[in-house]
Every structure is written in C-alpha cells, then in structure tokens.
Amino acid sequence: MTRQALLIVALVAAAVAGTRYLWPRVEYRQTVVERETIKKDVRTIIKHVERKDGSKETVTTIVDNSKESSNRTETIVKAAQAQWLLSPLLKIDAKQGLTEPVYGLMVQRRVLGPGWLGVAATTDKQIMATIGLEF
C-alpha cells in the first residue's frame with residue numbers, strides 16, 4: 001500500500017508541475033500615455049491704414065507659429081501570482097525510521113496579498129489547517 005500511495009503522490013506532483021508549461025502565466029499590462037502641447041510663439045500684428053479720404057482702419061492679425069508637444073508612454077508589466085499551492089507531505093518517525101512513513105497532501109489558497117490559508121490530510125487520518133505568509 002505504501003508503494004501505491006507514493007506512486008499516486010508522485011503522479012499527482014508530476015501532473016501539477018506539468019500544467020505550468022501547458023498553461024502559461026498571464027501578464028497584466030497597463031499603459032499610461034501622457035501628451036502635452038505647449039504654444040509659445042504667438043504674434044499679434046496690428047496694421048493701421050490711413051486713407052486719402054481721411055478714414056482710418058485698424059487690422060489686427062494673430063499669427064501662431066509654434067507648437068511644442070511631448071509624448072511619454074509608460075508600460076507597466078506585472079506577472080500574475082500563483083493562487084494555489086499543492087504540496088506533498090512525508091512524515092517519518094525518528095524511532096521507527098522508514099518502516100512506517102506517513103504520506104499526505106497539503107492544498108493552500110492565496111486569500112489576500114501575501115496571505116495563504118490551507119488544509120492538509122495524511123494517510124494516518126489526520127486533518128490539519130494551515131495559515132501562511134509569503135515574504
């Protein structure tokens with residue numbers, strides 16, 4: 001029975017490890033584009049025209065020749081974090097050695113930021129709860 005349990009744990013671990021290559025992690029991209037336009041060269045031309053008949057005319061012309069624009073693009077790439085953690089467990093009694101090993105499986109889920117909650121079960125019918133912090 002212990003060989004079967006060890007074989008099952010090894011197959012599950014190999015299957016879980018293989019899924020990393022079948023489903024690549026998603027990257028989140030955020031692009032920030034900032035554009036700024038500045039006008040500096042604005043000329044005002046005023047023409048005074050006096051005619052022979054004594055009438056006066058004023059013509060105002062505004063000429064804008066300058067435009068300055070700058071573009072800044074910033075791309076932020078953030079790799080997706082793993083949300084689940086699956087770990088095999090092996091418990092060996094120091095007095096008995098390898099004669100009666102106990103196998104188990106632990107499953108953890110990311111709940112908030114670096115915090116993890118999990119459950120573990122072993123072949124000697126023990127169930128455990130886990131709390132973890134990633135740093």
Side-chain angles (χ1 to χ4, degrees):
M1 172 89 178
T2 59
R3 286 186 182 177
Q4 286 179 334
L6 182 61
L7 181 62
I8 290 171
V9 169
L11 287 174
V12 168
V16 170
T19 59
R20 174 158 166 73
Y21 297 102
L22 295 176
W23 294 293
R25 294 183 183 239
V26 177
E27 292 182 346
Y28 297 102
R29 292 182 180 258
Q30 179 181 3
T31 303
V32 178
V33 178
E34 186 177 306
R35 294 183 181 142
E36 184 178 334
T37 303
I38 301 171
K39 297 179 181 179
K40 290 183 180 177
D41 188 17
V42 178
R43 290 187 227 161
T44 304
I45 301 171
I46 301 173
K47 292 183 184 179
H48 297 286
V49 178
E50 192 173 317
R51 298 197 177 108
K52 293 180 183 179
D53 62 357
S55 64
K56 294 181 182 180
E57 184 181 342
T58 304
V59 178
T60 305
T61 307
I62 299 174
V63 179
D64 185 9
N65 290 329
S66 69
K67 285 187 181 180
E68 182 180 319
S69 61
S70 63
N71 293 334
R72 190 183 103 202
T73 303
E74 180 181 341
T75 302
I76 301 168
V77 178
K78 182 179 177 185
Q81 294 179 333
Q83 299 296 316
W84 289 92
L85 178 65
L86 182 66
S87 304
L89 301 173
L90 175 63
K91 178 180 167 186
I92 299 173
D93 191 3
K95 294 178 185 177
Q96 295 177 355
L98 290 174
T99 58
E100 294 182 28
V102 177
Y103 302 103
L105 191 62
M106 179 170 51
V107 177
Q108 291 183 322
R109 169 86 165 127
R110 183 184 304 271
V111 288
L112 182 64
W116 294 80
L117 288 178
V119 175
T122 59
T123 55
D124 63 350
K125 299 181 183 173
Q126 290 184 355
I127 297 176
M128 298 162 269
T130 63
I131 297 175
L133 184 65
E134 180 181 43
F135 56 93

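Computed over heavy atoms, backbone and side chain alike; hydrogens, waters and symmetry mates excluded. For this chain, numbers begin at 1 and follow the sequence in order.
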**Q.** same_hphob_cluster(Leu85, Leu117) at 4.5 Å side-chain heavy-atom cutoff
**A.** no

Q) Among all residues two or more places apart in sequence or in another chain, which pass the side chain to side chain contact (heavy atoms under 4.5 Å, CB included) test with Ile62? A) Val42, Thr44

(Q) Regarding Gln108 and Ser87, do their side chains bring together a donor and an acceptor under 3.5 Å, going by distance alone? (A) no

**Q.** Spacing of Gln126 atom CD and Leu89 atom CG [to the nearest 0.5 Å]
**A.** 10.5 Å

**Q.** Listed partners of Lys47 passing side chain to side chain contact (heavy atoms under 4.5 Å, CB included), at least two apart
**A.** Ile45, Val59

(Q) Could you list the cluster mates of Ile127? Members are the ILVMFWY residues connected by side-chain heavy atoms closer than 4.5 Å, either directly or through other members. (A) Val119

Could you list the donor-acceptor pairs under 3.5 angstrom formed between side-chain atoms of residues 5-14 and any protein atom two or more places apart in sequence or on another chain?
none

Q.
I'd like to check the salt bridge (Lys or Arg N to Asp or Glu O under 4.0 Å) partners of Glu134; sequence neighbours left out, ordered by chain and number.
A. Arg110

Q) Roughly how far apart are Thr58 OG1 and Glu50 CD, rounded to 0.5 Å? A) 10.0 Å

Q | Heavy atoms from other residues, nucleotides or ligands near CG of Leu133 exceed 12 (cutoff 6.0 Å) | A | yes

Q) Which pairs pass side chain to side chain donor-acceptor pair (under 3.5 Å) with one or both residues in residues 113-123, sequence neighbours excluded? A) Thr122-Asp124

